[in-house]
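Beneath this line is the structure, given in structure tokens, with notes to follow.
Quick caveat, the model's predicted, so the values are computed rather than measured. Sequence lines set the chain letters: A, B, ... in the order given, protein chains first and strands last, and positions in each chain run from 1.
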Amino acid sequence: MGSEAKCSKPECDKFVAVNELAKRRGFFWSSFEIYGGSGGFVTYGPLGTRLKQNIENKLRELFVKKIGIYEMESSVIAPGKVFEASGHVDHFKEPMVECQNCKGRFRADHLLEEKGISSAEAEKMTLAEIKEELERHGIVCPDCGGPFGEPQRFLTMFETTIGPYSGAVGYGRPEAAQNIFVEFDRLYTAARERLPFGVIQIGHALRNEISPRQGLIRLREFTIADLEFFFDPEEPCCRFLGEVENEVLPILLCDTRLKECEDTTDVTVREALDRKIIQNEWQAFFMAQAKRLLVELGVPAEKQRFIEKLTWEKAHYSTQSFDQEVLVDRWGWVEVSGHAYRTDFDLASHMKASGADMTVYKEYPNPVEKEELVVKPIMAKLGPIYKGEAAKVAALLAKVPAQEVTDAMEKQGSIMVENYQVFSEQVDISRQKTTVRGTRFIPHVVEPSFGCDRLFYVALEYAYGIKEDRVVMGFPRSIAPVQVGVYPLMGKDGLDTKACQIQNMLANEGFMAEFDETGSIGRRYARADEAGVQLGITVDYDTLKEDTVTIRDRDSWQQVRTAIKDLPALLHDYFYGKKAFKELGVLIKSQ
RNA sequence: GCGGUCGUAGUCUAGUUUGGUCUAGGACAUCAGCCUGCCACGCUGACGACCCGGGUUCAAAUCUCGGCGACCGCACCA
């Protein structure tokens, strides 16, 4: 049974078809097959690597080139402190117990919560303490009443040691975001200390999933694109909002979800903000951009939606979160990006843990004149009295609010600081005028975060089509892994040499162009369609006479004839989306 | 991690029930040659597989145990 025949059957879904094609044509496959394989790891082949790069470059185009987001690249492994500070160490380790009788597994902290122990308490307990508490409350398996084994912590971060000393714990990053927060200070300097600004990092992340499934959808090592956008919470306006305010976002709201209803509410970006469905302008802007990105990857708007996350579904750092989902053939709605309002959580956490200053300075539009009381100890008088303790007295005095000192001096002529009495003649109280020109604050963050492997998968699935029993991968032209195939009609009479020259010329013009001379011309077209090659240039006998070629469109199978010398300019326009296929030459009537 | 189903060339599969005739068959793909004047033509040839390891047996693709992997369900998914 041939693969095409099988895939025309209804029970053969697109996931199976796409995965089979991907393996056969080298888009991707699961890694380490010669050693029996290992779940959750994937290898991208020649076509897949190119497609993935094109998708990642779409992100760069959309965010880096068009709106000036900065890009950075940092390490996958980070010292333990980074993820302790970020809260991941706490949130990634869940104590679990297994029933020795029925093998059911339960979250130990949840079992304890039922006995009135708060989750905060449970989180702090050691495994021994958890075991003790479980025994003390006589907690047994809720399913069968069987006894529990030893509690164990399940860690979904990959743990390692840095260097030869086992004390130095390191973790594989489960998201790319933390690198950005950790490097905030330098990034902010590089951004010339102006808000708002954003930084994107596209790179691998690691999550030690219990059981990775669903091919590219859930991997243990995957590519994530985290964009952290920093802004002043007092100036939350998005200057690009005008470009997207009429974009319609289909959102499945919390309220709707709680009614166990799956209906989305269609709102424009403007409405979503006016009705406070989305709290933040930048977040709404990025959601609109995310929708447009998916459209450009070939996923129509009606196959996308946003889900507002419920309180208990949200990450520990987020106040409002939406997931962007795409409808796929096999599993229904699958998350492709997350949009979280992280407030100042991350910068504040790292500031607290590291002691580094993560605040930024903001100048007021108008300086504020401030008059304040200043208490200055007169050391010339304190010194002779308190001798060696004079400095200490002065320090203690500095801790007392100036107004309090002034009041005491006016009432009693002295003030007690601990056991020391300071008299009014020992201090100099004055009113000082100062000009406050600005303030320091921690920026807020909205984060769009894309799963690149999932973007890749949905692009493949939506490109997958069957035309006359043949697979045609109809990628949008901007992400096609191969832009042009160049084919001699026959591998003789100099047609092959001519085709080679054209391929070479196009490659030098910057196109991804491939030469193929084996098999019949029809076979080569079919092969190219399956790889998603956007255009086919065929060199025939007329080419030798008049220096023209035919260009074949992968999707319509139509052909136009055009002069070789015009190819570079025409193709550049075509791939930039400035020209349609039919504008590339004179349409040839189908034979 | 549990339960179910499953694992044969690049891909899809026949064979497994009932161990031997399997030196493992086919289709498609790939490569070489011939042919071929625009959509997987044809012919000839080539390449190429029983997931890994133990056990039972005279004999294992087939039975059995363990491992690994895949899919589905449960759980998990910041």
Side-chain angles (χ1 to χ4, degrees), chain A residues 1-7 12-13 15-17 19-26 29-41 45 83 86-94 96 98-99 102-107 110 143 152 154 156-157 174-175 177 207-215 217-220 309 312-318 321 323 330-331 335 338 340 342 345 449 467-472 487-493 495 518-530 536-543 549-552 554 557-559 561 588 590-591:
Chain A
M1 196 190 298
S3 55
E4 283 107 26
K6 179 168 183 184
C7 290
C12 180
D13 60 48
F15 175 78
V16 173
N19 276 278
E20 187 259 305
L21 174 84
K23 211 189 273 188
R24 194 155 47 77
R25 293 307 307 262
W29 56 83
S30 65
S31 307
F32 316 119
E33 281 173 331
I34 66 162
Y35 287 109
S38 179
F41 299 98
F83 290 108
S86 70
H88 285 83
V89 167
D90 289 339
H91 288 82
F92 264 71
K93 273 184 171 174
E94 305 296 357
M96 292 183 90
E98 188 179 84
C99 171
C102 72
K103 303 294 177 194
R105 287 172 75 98
F106 303 91
R107 289 272 296 272
H110 290 179
D143 285 354
Q152 290 188 324
F154 179 70
T156 47
M157 278 196 294
E175 58 171 22
R207 295 181 188 183
N208 201 0
E209 299 285 350
I210 302 172
S211 112
R213 292 277 170 88
Q214 309 171 325
I217 304 298
R218 189 182 302 167
L219 297 168
R220 288 196 167 112
K309 303 304 278 184
W312 55 87
E313 292 174 334
K314 280 184 305 207
H316 57 278
Y317 47 69
S318 171
S321 286
D323 280 354
R330 186 161 194 163
W331 295 292
E335 180 192 348
R342 297 178 81 134
F345 179 91
S449 170
K467 186 167 178 176
E468 295 180 15
D469 277 339
R470 288 166 24 177
V471 175
V472 179
Y487 319 113
L489 189 60
M490 298 291 145
K492 61 183 184 187
D493 303 329
L495 294 179
T518 62
S520 72
I521 190 67
R523 181 183 293 265
R524 281 174 275 164
Y525 288 153
R527 198 187 279 150
D529 285 345
E530 210 179 49
I537 290 180
T538 306
V539 172
D540 57 21
Y541 288 95
D542 292 341
T543 305
V549 288
T550 62
I551 309 177
R552 170 188 180 270
R554 176 196 63 205
W557 294 1
Q558 287 181 320
Q559 284 182 298
R561 181 166 280 276
I588 300 170
S590 54
Q591 285 97 11

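- The six-membered or imidazole ring of A:Phe15 lies near that of A:Trp331, with a centre-to-centre distance under 6.0 Å.
- Closest approach to the A:Arg470 side chain among B:C71, B:C39, B:G37 is made by B:C39 (side chain taken as heavy atoms from C-beta onward).
- When all heavy atoms of A:Leu489 and A:Asp540 are compared, the closest pair comes out as CD2-CB, 3.8 Å.
- Among the atoms of the strands shown, none is found under 4.0 Å from any heavy atom of A:Ser30.
- Using a 4.0 Å heavy-atom criterion, one finds that A:Arg207 contacts the bases of the nucleic acid, with or without backbone contacts as well.
- Nucleic acid contact for A:Gly215: sugar-phosphate only, since backbone atoms but no base atoms lie under 4.0 Å from a heavy atom of the residue.
- Nearest to the side chain of A:Ala526, among B:U11, B:A40, B:C39, sits B:A40.
- For A:Glu530, taking side-chain heavy atoms from C-beta onward, the closest of the listed nucleotides B:C39, B:A40, B:C38 is B:A40.
- Side-chain N or O atoms of A:Arg524 include one that pairs as donor or acceptor with a backbone N or O of A:Gly519 at under 3.5 Å.
- Of the candidates B:C39, B:C38, B:C31, B:C39 carries the atom nearest the A:Arg552 side chain, counting heavy atoms from C-beta on.
- Taking every heavy atom of both residues into account, A:Pro488 and A:Ile521 meet most closely at O-CD1, 4.4 Å.
- Remark: C1' of B:G73 and CZ of A:Arg330 are 13 Å apart, rounded to the nearest angstrom.
- Whole-Å rounding puts the A:Arg218 CZ to B:C72 P distance at 11 Å.
- The one candidate from A:Thr550, A:Ile537, A:Val549 that meets the side-chain contact (heavy atoms from CB on, under 4.5 Å) condition with A:Thr543 is A:Val549.
- Here the side chain of A:Lys492 is nearest to one of B:C38, B:A32, B:U36, namely B:U36.
- As rounded to the nearest Å, B:G73 and B:U16 have P atoms that lie 30 Å from one another.
- OP1 and OP2 of B:C39 both lie 4.0 Å or more from every side-chain N or O belonging to A:Arg554.
- Put simply, the side chain of A:Arg220 never gets that close to the backbone of A:Phe41: no donor and acceptor are under 3.5 Å apart.
- Taking the side chain as every heavy atom from C-beta outward, A:Arg527 and A:Thr518 approach each other to under 4.5 Å.
- For the C1' atom pair drawn from B:A9 and B:U5, the interatomic distance equals 24 Å after rounding to whole Å.
- In RNA chain B, runs of at least 3 stacked Watson-Crick or G-U pairs (N1-N3 plus N6-O4 or O6-N4, or N1-O2 plus O6-N3, all under 3.5 Å) give these stems: B:1-7 with B:68-74, B:10-13 with B:25-28, B:30-34 with B:42-46, B:51-55 with B:63-67.
- Nucleic acid contact class of A:Leu489 (heavy atoms, under 4.0 Å, all strands): base.
- In terms of polar N and O atoms assigned as donor or acceptor, the side chain of A:Tyr487 never comes within less than 3.5 Å of the base of B:C38 in a complementary pairing.
- Residue A:Tyr487 comes nearest to A:Gly536 through the heavy atom pair CE1-CA, 3.7 Å, listed as atom of the first residue, atom of the second, then distance.
- Of the P atoms belonging to B:C52 and B:G7, the separation is 14 Å, rounded to the nearest Å.
- At B:C28, none of the side-chain N or O atoms of A:Arg24 fall inside 4.0 Å of OP1 or OP2 (strictly under the cut-off).
- For the pair A:Ser86 and A:Phe345, the tightest heavy-atom approach, listed with the atom from each and the gap, is O-CE2, 3.6 Å.
- The CE-C1' distance, from A:Met490 to B:C34, rounds to 14 Å in whole Å.
- A:Gln214 comes within contact range of the sugar-phosphate backbone alone, with a heavy-atom separation under 4.0 Å but no base atom that close.
- The distance between atom CD of A:Gln559 and atom C1' of B:C39, rounded to the nearest whole Å, is 8 Å.
- Computed from coordinates, the A:Asn19 CG to B:G10 C1' distance equals 16 Å when rounded to whole Å.
- Put simply, A:Ser520 has no side-chain N or O that comes within less than 4.0 Å of OP1 or OP2 on B:U36.
- Protein atom CG of A:Asp13 is 14 Å distant from nucleotide atom P of B:C12, rounded to whole Å.
- Atoms CD (A:Glu20) and C1' (B:A70) sit 15 Å apart, rounded to a whole Å.
- Here A:Arg527 reaches the OP1 or OP2 of B:U30: one of its side-chain N or O atoms lies under 4.0 Å away.
- Here A:Trp331 lies in heavy-atom contact (under 4.0 Å) with sugar-phosphate atoms only.
- Nucleotides B:U21 and B:A27 have their C1' atoms positioned 25 Å apart, rounded to a whole Å.
- Heavy-atom nearest nucleotides on RNA chain B were determined for A:Thr518 and for A:Lys23, and the one closer to the 5' end corresponds to A:Lys23.
- Rounded to a whole Å, the CH2 atom of A:Trp557 is 8 Å from the P atom of B:A40.
- Nucleotides B:C50 and B:G42, compared at atom P, are 30 Å apart to the nearest Å.
- Remark: A:Arg523 is in phosphate contact with B:A29, judged by side-chain N or O atoms under 4.0 Å from OP1 or OP2.
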